[in-house]
Amino acid sequence: QTLNGCESDRVKVTVTINPLPILTAMADQPTICKESSTNLKGTGADSYSWSIKGSSGSEIGTGAIFAVSPVATTTYILTGTNTSGCVSTAEVTVTVEEKSVAGTITGSSNVCISANSGSLILSGQVGNIVNWEKSLDGNTWTPINPINTTTTFNFNNLTQDTWFRAEVKNGASCESIYTEGFKIIVDPLPVGGELLFGEDRVFMVCENPTPGYARALSFQNFSGSIVAWRYRASTATQWTTISIGGTPFTGTSLTGAQIEDLNISQSSVFQVEVSSGSCSPNAFSRTAIFSIIPSDIEPTPVTVNPTQVCL
């Protein structure tokens, strides 16, 4: 320092420059599944403060290790201070992946055992399809081979009820999840069976019988669901469906009273139609014959030759 041309004694001044902390911010799992958590870690300083980038900068936590559970991809700012009071910042980003969503399988739930085929479609899923699986009991599953990673699964020639499901996985961090098992029922071919009046296919009665004459007609040895009973007079060209209370009769036996209520006046045949799920066409029973013998039948005259006797 000088004053009026005179210079004072010089004094030594020492300036100490403290280094900035070499700060590092990291995450144990830089990519997590939604609703999961991870630890943020900082090194290189003596004290730490965490905040979210793009927010007001408010502190959300302190310490070298800080657990977070972001609901979306988030960048965190780490502010580190050393013992000299020097401050540095570092950033770390935690990527959040949406949880796997299995979606829903749609398709035909019934097929016929004869030469069946079809497609199952997966929709509404979140993630990639790992593979499809099948089961014969809905509990024990076997992966489809070769692997199918598409949303469509084609099947054919199923011989028994079979369940199918798909495995879906989103991202690298989320666990895979399975759809509900989709059951395909394999319907057997319908079997028509037979109609019997007791033990006979034919029931004969004279014309104009007294009430109570009819015998019950039972349906036996069939496989499937009864669609309807029907009958047709010998002179008719079309069948008449048997209805009880306005609804097609689907029982396994017609009582004698129910037959009499049909007021059949000429010989007729009975038949039952049987369905089985998705199988087509329907099957029909063997016919049973309800034979009415006219009252005006005259016997054919018989001649006898008394000179000839058969032994």
Rounded to the nearest 0.5 Å, what separation is found between the [atom1] atom of [X] and the [atom2] atom of [Y]?
X	Y	atom1	atom2	answer
Ile121	Thr152	CD1	OG1	3.5 Å
Leu254	Glu260	CG	CD	12.0 Å
Cys174	Lys169	SG	NZ	7.0 Å
Met26	Leu78	CE	CG	10.0 Å
Ser276	Asn110	OG	CG	9.0 Å
Phe219	Leu217	CZ	CG	10.0 Å

**Request:** Evaluate whether atom CZ of Arg286 has more than 12 neighbouring non-hydrogen atoms of other residues, nucleotides or ligands under 6.0 angstrom away.
**Result:** no

**Asked** So with a 6.0 Å cut-off around CD1 of Ile22, is the heavy-atom count from everything else above 12?
**Response** no

Is there side-chain contact between [X] and [Y], with heavy atoms separated by less than 4.5 Å?
X	Y	result
Leu122	Phe153	no
Ile289	Met204	no
Val274	Val191	no
Trp239	Gln271	yes
Phe249	Thr241	no
Ile147	Trp132	no
Ser285	Glu194	no
Thr93	Thr73	yes

**Request:** Take Thr240 and Arg230, measure what side chain to side chain contact (heavy atoms under 4.5 Å, CB included) needs, and give me the verdict at the end.
**Result:** CA-CA 5 Å; Thr240 299; Arg230 62 184 188 174; over 6 Å; no

**Message:** For residues 57-69, which residue pairs pass the side-chain hydrogen bond (donor to acceptor under 3.5 Å, both in side chains) check, not counting sequence neighbours?
**Reply:**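 Matches after skipping sequence neighbours: Ser49-Glu59, Ser56-Ser58.
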
**Message:** Could you walk me through whether Glu167 and Ile129 satisfy the side chain to side chain contact (heavy atoms under 4.5 Å, CB included) test, starting with their C-alpha distance in whole Å, then the side-chain angles of each, then the deciding distance to 0.1 Å, before giving a yes or no?
**Reply:** CA-CA 6 Å; Glu167 181 183 2; Ile129 298 170; over 6 Å; no

Any donor and acceptor pair, going by atom type alone, linking the side chain of [X] with main-chain N or O of [Y] inside 3.5 Å?
X	Y	value
Ser84	Cys86	no
Trp229	Ser253	no
Ser243	Gly246	no
Thr162	Ile184	no
Asp200	Phe203	no
Asn157	Ala115	no
Asn116	Val111	no
Thr255	Ala216	no

Could you report the tightest heavy-atom contact between [X] and [Y], atom names first, then the distance?
X	Y	value
Ile226	Val272	CG2-CG1, 3.8 Å
Leu23	Ser88	CD2-O, 3.3 Å
Asn131	Ile144	ND2-O, 3.1 Å
Thr31	Ser173	O-CB, 3.6 Å
Gln238	Arg232	O-CG, 3.3 Å
Thr250	Val227	CG2-O, 3.6 Å

**Message:** Between Lys53 and Glu91 (salt bridge meaning N to carboxylate O under 4.0 Å), is one present in this structure?
**Reply:** yes

**Request:** Kindly determine whether Thr81 and Asp46 satisfy side chain to side chain contact (heavy atoms under 4.5 Å, CB included), including the steps that lead there.
**Result:** CA-CA 6 Å; Thr81 305; Asp46 296 295; over 6 Å; no

**Message:** Does the plane of the ring in Tyr213 sit parallel, tilted or perpendicular to the ring in Phe290? Use 30° and 60° as the thresholds.
**Reply:** tilted

**Prompt:** Angle class for the Phe66/Trp50 ring planes (parallel below 30°, perpendicular above 60°, tilted otherwise)?
**Reply:** parallel

Is it true that the side chains of [X] and [Y] contain a donor and an acceptor less than 3.5 Å apart?
X	Y	answer
Asn170	Glu98	no
Thr235	Gln266	yes
Asn282	Ser275	no

**Complete:** Exactly one of Thr74, Ile32, Thr75 clears side-chain contact (heavy atoms from CB on, under 4.5 Å) with Val94, and that residue is Ile32

**Request:** Not counting sequence neighbours, which residues clear ring-ring contact (aromatic ring centres under 6.0 Å, His included) with Phe182? List them please.
**Result:**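 None.
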
Hydrophobic cluster identity match, [X] and [Y], side-chain contacts under 4.5 Å:
X	Y	answer
Val87	Tyr48	no
Val202	Val269	yes
Leu262	Val205	yes
Ile177	Val126	no
Ile113	Phe155	yes

**Message:** Could you check whether Arg165 makes a cation-pi contact with Trp141, meaning its NZ or CZ is under 6.0 Å from the centre of the six-membered ring and within 45° of the ring axis?
**Reply:**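 Yes.
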
**Prompt:** Hey, which of Ser114, Ser225, Ser278 is the one that makes side chain to side chain donor-acceptor pair (under 3.5 Å) with Asp187?
**Reply:**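 Checked Ser114, Ser225, Ser278 against Asp187; only one passes side chain to side chain donor-acceptor pair (under 3.5 Å): Ser278.
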
**Item:** Test side chain to side chain donor-acceptor pair (under 3.5 Å) applied to Asp28 and Thr38, step by step
**Value:** CA-CA 6 Å; Asp28 281 346; Thr38 186; 5.2 Å; no

**Request:** Begin from the C-alpha positions of Ile292 and Glu207 and carry the test side chain to side chain contact (heavy atoms under 4.5 Å, CB included) through to its verdict.
**Result:** CA-CA 6 Å; Ile292 297 179; Glu207 193 174 34; 4.1 Å; yes

